[in-house]
Structures are given as C-alpha cells and as structure tokens.
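A short write-up of the structure that comes next.
Order of the sequence lines fixes the chain letters, A, B, ..., with proteins taken first and strands second; residue numbering starts at 1 for each chain.
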2 protein chains.
Amino acid sequence: MAKERVPNVSVDCVVFGFDEEQLKVLLIEQRPMPGVAQIQYAIPGDLVFKRENLDEAAARILLELTSLKGMFLKQFKAFGDVDRVNKQKDKAWLRSFREKPDARVFTVGYFSLVKIDEYDPRAASFAGRAEWRSIKEIPSLAFDHNLILTEALKHLKSDLELKDLAFELLPDKFTLSQLQRVHEVVLEKELDKRNFRKKLKAIKGIHALEEKQKGVDHKPAMLYRFQKE
Amino acid sequence: MAKERVPNVSVDCVVFGFDEEQLKVLLIEQRPMPGVAQIQYAIPGDLVFKRENLDEAAARILLELTSLKGMFLKQFKAFGDVDRVNKQKDKAWLRSFREKPDARVFTVGYFSLVKIDEYDPRAASFAGRAEWRSIKEIPSLAFDHNLILTEALKHLKSDLELKDLAFELLPDKFTLSQLQRVHEVVLEKELDKRNFRKKLKAIKGIHALEEKQKGVDHKPAMLYRFQKE
DNA sequence: TCAAAAGTGTTGCATCTACACCCATGG
DNA sequence: CCATGGGTGTAGATGCAACACTTTTGA
C-alpha cells in the first residue's frame with residue numbers, strides 16, 4: 001500500500017478507556033515543532049492514505065497509537081466546516097507538518113473503546129506523546145477537536161444503552177460493580193445496584209467465573225466474563 | 001460565495017417521502033451526456049463548494065432538487081472506499097461531468113424527510129430528471145449509491161422510533177391512520193391500531209383539529225396537527 | 001344496504017422503581 | 001473489631017401486547 005496521503009481528508013479517532021473510576025480519552029501532544037515547549041493537545045488522527053478505506057485508516061491510527069488490534073471502532077460523524085483548521089492557534093503546527101497548511105481539510109470521526117489495562121504506552125509509535133485524560137478535565141484542543149470529542153461522547157452515550165459496548169471498556173475478567181460504574185460514568189447518572197443486576201440477568205453472554213477478586217480490603221467480588229453471542 | 005468546488009468531497013442527499021402508501025426516495029437520472037438514451041439512476045448529490053460547510057451543501061442540494069427549505073436534514077454517514085467511484089458503469093458519466101474523472105471522491109451522506117405533497121417537480125433545477133421511487137423497487141444505482149441508500153434507511157428506521165421524525169413526512173394536517181402507516185412502512189412491521197393510539201396520547205404536540213377528512217368513501221377521520229414542543 | 005376505514009377499553013403479563021440489611025475480607 | 005464495598009428480594013406502579021365490535025360516510 002502506497003503511503004502517500006490524500007491532501008484534504010483525515011480520520012480522527014477518539015479513544016475511550018475506563019480506569020475503574022473515570023471515563024478517559026487518549027490525547028496526544030501537539031508541538032509546533034519537535035522540541036518546542038508550547039504544547040497543545042489533540043485527538044489522534046491522520047490524513048487518509050491514497051489507497052486506504054476510511055475504516056482502514058481509523059484502524060491504522062488506533063494501532064499506531066495503542067498497538068492494539070481488533071478493538072471496538074465505529075464511525076460517528078464527518079466534520080467539514082470551512083474554517084475548522086483555520087484558527088490562529090493551529091497555524092504553527094500546520095506549517096510544520098502539512099504540505100499545504102492552508103488547505104481545507106475534512107475529517108471523519110471514529111470512536112474506539114479500549115481496555116485501558118491492555119494499553120502499553122511504550123509500544124506505540126506515538127510513544128510518550130499520548131496520555132489519558134479524564135473527560136471531566138479536557139483542555140482546549142487543537143482544531144475543532146473539542147467539538148469532535150463532544151459529539152463522540154454523545155454517540156457513545158446513546159450506543160451504550162442498547163448495545164454491549166460496556167464490555168469493550170473492561171478487562172477480560174470484571175466485577176459487576178465495575179460494569180455498573182462504566183454505565184454510570186458514561187450515562188452520567190447513578191444506578192441502583194439491585195435493579196442493575198436484575199437487568200444483567202436478562203442479558204445473555206455474561207458468565208460468572210469460579211474466581212474472586214484478590215487483594216482488596218473488603219469482601220472480594222465475584223469475577224465475570226463476557227462472551228459475545 | 002464562490003461556486004468553485006472542492007475536487008474530491010461531495011455530499012449525497014437521500015430524500016425520503018411518503019405517499020399515503022409507500023416510503024419513496026427521490027432519484028435522479030444520470031445520462032453520460034445530455035441526450036444520450038442510456039440512463040442510470042443516482043441519489044442526488046454534488047461536490048462541496050470551497051467556502052461551504054457540509055450541512056450547507058446538503059441544504060443547497062435539497063433546495064435545488066425540491067425547492068423546499070427547512071426540511072428535516074441529517075448527516076448519517078461518510079463513505080470513502082477507495083474504489084467507490086471507480087466502477088466501469090460510472091466511467092462515462094464521470095468523464096463528461098468531472099474535471100478529474102479518476103479522482104478518489106469521499107462523500108458525506110445526509111438523509112432528508114420531505115412532505116411529498118409540497119414537492120413541486122417543475123420548480124426544481126433538476127426539473128424533469130427527478131422521480132420518486134418506492135424503496136421496494138430500487139434499481140441498480142450509480143457508484144455506491146445502493147449502499148448509501150441502505151445505510152440511510154437503517155438510520156431512518158432507528159431514528160424514527162424515538163424521535164418525532166414521522167411528522168416530517170406527513171402533510172401539515174394528517175390523520176392518525178396516516179401516522180400509523182408511516183411507522184409501519186418505515187419499521188417494516190404491522191402495528192396494532194389501539195395500542196398505537198394509546199402511545200400517541202403520551203406524546204405531547206399532537207393536537208386534534210376541529211376538522212375532518214373530506215371526499216373519502218368511508219367514515220372520515222379526524223385531522224391532527226403536530227406542533228413541536 | 002353495502003363496503004371501507006374510523007374509532008374505542010380491558011385484562012394479563014412483563015418490566016421498572018424504590019428501598020435496607022447482612023456478609024466477607026484486610027488492616 | 002472496624003471500615004469497606006459485595007451481595008440479595010419484595011411490593012407497587014407502569015408499560016406493553018392481544019384482542020372485537022360499533023360508527024360514519026359515499027357509492
């Protein structure tokens with residue numbers, strides 16, 4: 001596959017993770033030039049290769065960033081406002097990294113759900129430039145990335161209710177409290193423990209293991225696994 | 001606004017209408033050159049202008065096509081497969097109408113809901129080249145437009161259930177049977193009349209008028225109007 | 001008077017919500 | 001033995017599916 005890039009269409013990938021407590025997003029540092037102190041944060045993305053489909057481009061970005069394959073990945077919206085890459089704050093970076101810094105660039109937004117404990121920052125080619133940020137503490141981002149993130153969250157939220165997305169954010173073995181916490185954080189509301197567990201019984205695919213949590217200073221929880229289908 | 005177009009990003013607009021019986025889509029004829037007999041059908045669309053946002057481009061296409069303003073319009077998906085405009089069947093048209101017939105073109109799909117009785121085919125600049133087709137009788141379309149249509153339907157279907165989209169397809173004054181029929185056609189399942197009406201009572205915004213259907217050879221139905229909010 | 005669609009309620013079943021106490025573990 | 005989160009059931013309210021007959025109109 002030729003590595004030549006289309007000049008004006010990119011894919012941005014909002015990577016969500018869950019760390020037992022908060023919903024997090026993977027942001028990358030964006031310096032106007034290597035070595036410069038001034039930093040801005042951005043959602044990872046790249047121009048699409050000339051012989052690459054959109055879904056492939058998104059998977060590639062995710063792989064480069066996380067060294068993870070086969071994670072949940074879904075297109076949610078295209079962004080193409082005339083001035084979306086035309087703000088003062090982004091000029092320096094564009095001049096350093098883009099052949100045509102003034103080109104109008106369209107981007108297709110994807111969101112991905114990864115198991116945060118499988119993520120190894122050292123393995124990625126963005127090494128050292130990526131960091132998890134709680135969605136409650138998002139700084140001002142490059143381009144229209146705050147908007148892209150907001151839209152991604154909106155889609156995640158409405159998808160979570162119906163589909164089995166929550167498991168994509170949890171480790172292979174998880175407790176029911178963790179599962180509940182994911183729902184609470186994403187949906188931004190508290191849930192009743194007993195009612196939540198009752199609903200789970202209706203979902204097939206959740207299997208109790210014969211194994212408990214270890215090393216916690218309270219009653220250890222039963223571990224579960226999710227098997228699709 | 002400059003009418004110059006971006007070379008490789010388009011917007012396609014799947015226009016749905018409802019004619020009392022079936023869900024319809026507006027297709028346009030696509031002749032390789034004016035006057036040529038050989039016809040292919042396509043979903044209306046156009047390359048985006050250089051100084052035009054995506055939503056604006058979609059509204060423009062809809063306006064040119066239907067002379068309607070303010071209709072429901074929603075982005076549902078971007079399409080960018082490498083070979084989506086690279087099939088034999090589409091070559092002739094591309095050579096006639098595109099400056100760079102071999103360019104890879106990305107497209108952003110929108111769907112629109114219009115009141116079919118407000119649509120005046122003569123008023124549109126696509127005059128005489130557009131026609132309503134039942135979604136049950138869709139021919140093989142240009143490019144990847146069969147896929148785009150399928151995806152649009154999928155999104156319409158899932159949106160209809162929760163939101164107030166059905167009213168967008170009906171005339172200003174409508175009967176409850178018409179409303180039910182829209183749901184049945186889009187969701188592809190029959191609904192129980194009494195249960196359907198019970199659910200409607202929960203939705204606010206539906207107001208009975210003091211007016212009945214005229215000129216039908218059966219008991220005339222009460223007319224209703226929908227007022228958002 | 002016939003055909004065709006409009007209009008209207010009840011019941012059983014499934015689902016949702018609200019709510020409080022005992023249990024197992026590590027420190 | 002204390003603090004911490006794990007784990008469990010019931011009752012009342014709400015929502016959903018199934019189901020049949022009478023009414024009004026034009027032809």
Side-chain angles (χ1 to χ4, degrees), chain A residues 18-22 157-158 160-164 166-167 170-171 173-226, chain B residues 18-22 157-158 160-164 166-167 170-171 173-226:
Chain A
F18 173 73
D19 72 342
E20 306 274 307
E21 198 51 46
Q22 284 296 316
K157 207 162 158 175
S158 66
L160 186 76
E161 306 193 61
L162 302 170
K163 301 165 192 164
D164 294 328
F167 306 106
L170 290 172
K173 300 172 181 177
F174 56 86
T175 69
L176 299 185
S177 295
Q178 285 176 308
L179 183 56
Q180 181 177 341
R181 181 78 190 142
V182 171
H183 280 83
E184 289 179 334
V185 172
V186 174
L187 303 180
E188 291 180 285
K189 68 175 172 200
E190 302 217 326
L191 302 171
D192 178 272
K193 187 163 40 157
R194 280 176 287 193
N195 294 337
F196 182 77
R197 287 169 186 228
K198 245 177 292 173
K199 241 176 280 182
L200 291 183
K201 280 178 196 144
I203 300 174
K204 49 200 165 200
I206 303 179
H207 306 288
L209 304 175
E210 290 177 350
E211 191 182 345
K212 291 185 176 181
Q213 251 185 336
K214 273 175 193 152
V216 288
D217 68 343
H218 53 74
K219 177 174 174 180
M222 184 70 68
L223 290 171
Y224 290 77
R225 195 193 298 272
F226 178 68
Chain B
F18 173 72
D19 73 343
E20 304 276 307
E21 198 51 47
Q22 284 295 315
K157 207 164 160 173
S158 66
L160 186 75
E161 306 192 62
L162 302 171
K163 302 166 193 168
D164 295 328
F167 306 104
L170 290 173
K173 300 172 180 180
F174 55 87
T175 70
L176 299 185
S177 294
Q178 285 176 308
L179 184 56
Q180 182 176 342
R181 179 77 189 143
V182 171
H183 279 83
E184 288 179 332
V185 173
V186 174
L187 303 179
E188 291 180 286
K189 69 176 174 201
E190 302 215 328
L191 301 171
D192 179 271
K193 189 163 39 157
R194 281 176 287 193
N195 293 338
F196 183 75
R197 287 169 186 230
K198 243 177 293 172
K199 242 176 280 183
L200 290 183
K201 280 179 197 145
I203 300 175
K204 49 200 163 197
I206 304 179
H207 306 288
L209 304 176
E210 290 176 353
E211 190 181 347
K212 291 186 176 182
Q213 250 185 336
K214 275 177 192 152
V216 289
D217 67 342
H218 54 73
K219 174 172 175 179
M222 184 70 68
L223 289 171
Y224 291 78
R225 195 194 297 273
F226 178 69

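- For the pair E211(A) CD and dG6(D) C1', the interatomic distance rounds to 17 Å; values are reported in whole Å.
- Using a 4.0 Å cut-off, no side-chain N or O of S177(A) falls inside it from OP1 or OP2 of dG5(D).
- Outside the 6.0 Å centre-distance limit, the rings of F226(A) and F174(A) are not counted as a close aromatic pair.
- Between F174(A) atom CZ and dG6(D) atom P there is a gap of 14 Å when expressed in whole angstrom units.
- Once rounded to the nearest 0.5 Å, the distance linking CG of L176(A) with CD of Q180(A) reads 9.0 Å.
- Taking atom CG of residue L179(B) and atom P of nucleotide dG7(C), one finds them 12 Å apart after rounding to whole Å.
- Interface remark: the K214(B) side chain does not form any donor-acceptor pair with the dT25(D) base, using a distance-only criterion of under 3.5 Å.
- Applying the side-chain hydrogen bond (donor to acceptor under 3.5 Å, both in side chains) definition to pairs two or more places apart or across chains, those involving residues 199-221 of chain A are K173(A)-E211(A).
- The minimum heavy-atom distance between R181(A) and Q22(A), with the atom names listed, is NH2-NE2, 3.7 Å.
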Between the protein and nucleotides 20-25 of chain C, are there any N/O to N/O pairs under 3.5 Å, and if so, what are the atom names and distances?
residue : atom : partner : partner atom : Å
dA20(C) : N1   : R194(A) : NH1          : 3.2
dA24(C) : N3   : K219(A) : N            : 3.2
dT25(C) : O2   : D217(A) : O            : 3.4

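- If you measure from atom CZ of F196(B) to atom C1' of dC19(D), you get 18 Å, rounded to the nearest angstrom.
- Closest of all the heavy-atom pairs between A166(B) and L160(B) is N-CD1, 3.5 Å.
- Taking atom CG of N195(B) as the reference point, atom C1' of dT14(D) lies 15 Å away to the nearest angstrom.
- Atom C1' of nucleotide dA17(D) and atom NZ of K198(B) are separated by 8 Å, given to the nearest angstrom.
- Taking atom CG of D192(A) as the reference point, atom P of dT10(D) lies 16 Å away to the nearest angstrom.
- Between atom CG of residue D164(A) and atom CD1 of residue I206(A) there is a gap of 8.0 Å, rounded to the nearest 0.5 Å.
- Look at CG on L191(B): it is 17 Å from C1' on dG7(C), rounded to the nearest Å.
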